Structures are given as C-alpha cells and as structure tokens.
Amino acid sequence: MTDNLAVIEPATEAVLQEVPRAGAADVDAAVERALQAYPEWRALPPATRSSVLHELAGLIEARGDELAVLEARNAGKPISDARGEMGMVAATFRYYAGACERPIGDTIPVSGGQAFTVREPLGVVGLIVPWNFPLVIASWKMGPALAAGNCVVLKPAELTPLTALRFAELAEEAGLPEGVVNVVAGPGSVVGQRLVEHPDVAKIAFTGSTEVGRSIAAGAASSIKRVTLELGGKSPNVVFADADLEAAAAAAPMAVFGNAGQDCCARSRILVESSVLERFMELLEEAVRAIRVGDPLSEETQMGPLISSSHRERVASFVDGDAPVAFRGSAPDGPGYWFSPTVLGPVDPQARAAREEIFGPVACVIPFADEDEAVRLANDTIYGLSGSIWTRDGARALRVARAMDTGVLSINSNTSVRVATPFGGFKQSGYGRELGPHAMDAYTEVKSIFYAT
Ligand code: NDP
C-alpha cells in the first residue's frame, strides 16, 4: 500500500472515508492468497460450500441496513434503492448457495464405454466492477464464482470501494477460508490492468464501459484468459398507440432516472408512436416534474446526485447539444453533483444524444410511424442490453420482442433484472450471461470424460 484513497460523498462533495489505495503489488499478493486457498475451497463438499454461502447471505441480511447506508452515501443513491439492492445481494448468494448442489453435466451414449461431462472451476478469477451498483454487480459475479469452487479477487471502482471492503470482512465472519475472497481497491489503470495481465488469473468478469471492456478483451487475449463483459447500453422503451398510455408514461421516468440514469439498462430512448405523442408527452411531463431529487438518506428521495463533478460535466454536454429540451424536473442547489431529470424531444435518431450512452438523467423521446419503423429505430444502435415494449396487442408484443436485438426485454414493464433469469447483452453491450443458472457456465469449464467398458 502506498497512499490513501479519499472516498467522496457525491451528495455533499465531502470526504466520506479514506482507505488504503492498492497497487500492482497488492494484486499479486491477493492472487497468491487466492491460489493458496483454491485447493481447499474447490475440494470442499458441495453441501459445506453451500452452507457457508447461506451463512454469508444471512450476514448480509442482518447487516443490510448498515450496508445500505454505506452504499447510499458513497454512490449517492436513494436509501430505499440501496436497501433493495442489499436485498438482492443476499438473494443472489442464497440462489447460488443452492446452485452448489444442483445437478450438472450430461451422459452421452458412445461406442465402447460411457461418456459424460462434468464442470470444473477455473481457479482464481478477477472481478472488475463499476460505481453505479457497486455491491450488487459484485455479488452477481461472486455468487456463481464461489459456488462453482473458484477463489476471487474483486476490484471495486475507486469511487465506490466501501461496501466491497466491508463485504470482505463479512465473508471472513461467515466462515469463508482466508484467501477465498480478496478485495483490492485501487485505480483501474493499475490494479485492474494487473489483474488482466496476471498469468495466474484464469478469467476476468467485467462490468463497465464498452471502451474499457474492449481493452480488457484485448489484454486478456495474450494469455487466452476467459472473459465476460457487461458493457453499456442505449435501450429503447417502445410505446405503441394501443398501450395503456397512463401506465407507460407513469413508469417511463424511473426507467431512465432511476439511479440518476447511471444504469446500463436505462431506457433512455423513449420511442413513441406519433399518433399518441402529444398525449404521451403531457403525461410524461407530469410524471417527471413529480420526481423527488434530493438527500439520498431521506426516505422520500427517488433520485440522488450524479457520481462526480466530471461525470456531471459530460452529462450536461448532451443537454446543450443537438437535441431540443422538452422539459426538465428540479434538483437541489449547492454542494453535491446534482442534475435535473431532463427530457429531450422530439429527437432526431441521428443526434448525438440519441446515439451515445449518456449515463445520466437525460431521456430522448423519438417518434415513430409504425411497427416496422419502431423495430428499425430500436435496433439502430451499437448496443443491445435491455428494452421494453408497451402494447395491448399480444401478437405484436411477441413479434417485436423477437425482432429486437437485445439481451433482456420486458413487455408492459421496465424491469430488467431477476436473480433467477439470465442477464447480458447483444452486440457491443458485451458477451456472456450473469444471473440465473447460466452464470455457473461462466465460471466453469466443461470436461468430457470417457470410461471404457
Ligand atoms: P469504466 O469502464 O472506466 O470503469 C469500470 C471499472 O473498470 C472500474 O472498476 C474501473 O476502475 C475499471 N477500469 C478502468 N480502466 C481499466 C483498465 N484499463 N483495466 C482494467 N480495469 C479498468 O467506467 P467508468 O466508471 O469510468 O464510467 C464511464 C462510462 O462507462 C459511463 O459513463 C458509462 O457510459 C459506462 N458504464 C457502464 C456501466 C455498466 O453498468 N454497463 C457501469 C459504469 C460505467 P476505476 O474506476 O477504479 O479506475
């Protein structure tokens, strides 16, 4: 450890806590600890590993309020959201505790004997996570990685390391052997990069920007490391004229402004059938003006500040850009990286605001004429992470759902994430799937065994 990392509270701009800043040597030491712990963790009877993970889930439930306050303050998110997130962290560990004993593999009829497959853990895996949902995204990776028998080295974002550091203490308290879970809090360009380059790290699971994802995939190629990438998005929320417009307009704002828009699943392109555009905009404006932006620790708050001053500057550059402002909500003045929920529209689909991931509380409303144009616009992006379709026509819902190039879709809802269902992207939103049973595949290798008879 060389120096300290001052962790800022986005709602006040004050230093919340100082933590030691890890460097490349700390990564090497963490990987070494993980390698030492791996044989024992891997060989543990599945039922024992399962009960340790259940114990960990129980501890997270018991400390949920403490963790939620830490996350709300460090990431600037509303406390009610942070509490929900800690519930999901616990649920994720419970789900994968169960996965330890789930049947895996196939038996395959072949000549001269019996063939079957088993899945083996990878070894030491490096997990690199962003600042928008710090512990939730870490749990999506740690749950299946640990259940499969791997040891992990987790790198939280420098801006939000606090819940990850606290988590490491809880893992020890839950009875995970020393070295199974390691947290290194330091800059991506040093700590992240060392993990990617480290010869003894078998896999990198990454969530963050497409740009860094690209460099991780390139860096991992030299040692043929396994990689899964969960990257950016520019997801469409498609509202047809026959939809329940009141419900669609009431739900649309928090599908973009939730987590202050810092959400890879944000439905930031609201595509509306032209014949109902005017009515939809009236309903949307009412809903946006009602959003309560303020102190993350207040139970009433629905949206907090942005993560940092530099991020706020980048988000603002889209509002002063090439798309007209339709209306804006309110935000506090004074210290804190506040930003008003903002709706741009009608937006030209070629405008920068309609094409780049803004990752802030800025929505683009884009009109469309018919179903074909809706599908074409929905797919007119380099991304493909999530999306929504609002219609009362069941056949159209299914037609459009199949035609949209996106990893996660909801119909008459804007939800994206469930512990039991796979999550991940098409196109430049990444590859590999998290959550659900599929995530176990991402942390294991298939081994084919032939037994001569
Ligand atoms: P980054 O992709 O830069 O960061 C994500 C994680 O990767 C952080 O832990 C970061 O570390 C680490 N990292 C950065 N550089 C490297 C590297 N060279 N090698 C290994 N790891 C590295 O995202 P940002 O947080 O800077 O956000 C930028 C944009 O990315 C956002 O505006 C948004 O568009 C998108 N994004 C998407 C997310 C998603 O959920 N899909 C989440 C976050 C961002 P550190 O920050 O400590 O330097």
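Note that ligands are numbered from 1 as they come in the structure, with each ligand's atoms numbered from 1 the same way. Numbers for residues simply follow the sequence, beginning at 1. Keep in mind that this is a model prediction, so the values were computed, not measured.
Residue Phe206 places a heavy atom under 4.0 Å from ligand 1. Note on ligand 1: Glu211 sits outside its first shell, no heavy atom being nearer than 4.0 Å.
Protein heavy atoms are found less than 4.0 angstrom from atom 25 (O) of ligand 1.
Taking only nitrogen or oxygen atoms, main chain and side chain alike, Ser215 does not reach within less than 3.5 Å of ligand 1. Ligand 1 has an N or O atom lying under 3.5 Å from an N or O atom of Val129, backbone or side chain.
With Ile128, Val191, Thr207 as candidates, the residue nearest to atom 5 (C) of ligand 1 on a non-hydrogen basis is Thr207. Here the shortest heavy-atom distance to atom 29 (C) of ligand 1, taken over Gly186, Ala185, Ser209, belongs to Ser209. When the heavy-atom distances from atom 41 (N) of ligand 1 to Leu195, Leu306, Leu231 are ranked, the shortest goes to Leu231.
Here the heavy atom of the protein found nearest to atom 14 (C) of ligand 1 is Gly188 CA, 3.8 Å. Protein heavy atom in closest approach to atom 34 (O) of ligand 1: Glu357 OE1, 2.7 Å.
In summary, the atoms of ligand 1 found under 4.0 Å from a heavy atom of Gly192, numbered by their order in the structure, are 19 (N), 20 (C), 21 (N). Proximity to Cys264 (heavy-atom distance under 4.0 Å) selects the following atoms of ligand 1: 39 (C), 40 (O), 41 (N). If you number the atoms of ligand 1 from 1 as listed, the ones under 4.0 Å from a heavy atom of His311 come out as 32 (O).
If you run side chain to side chain contact (heavy atoms under 4.5 Å, CB included) between Val129 and each of Thr160, Val136, Leu154, only Leu154 comes through.
Taking the six-membered ring where the residue is Trp, the centroids of Phe359 and Trp131 are separated by under 6.0 Å.
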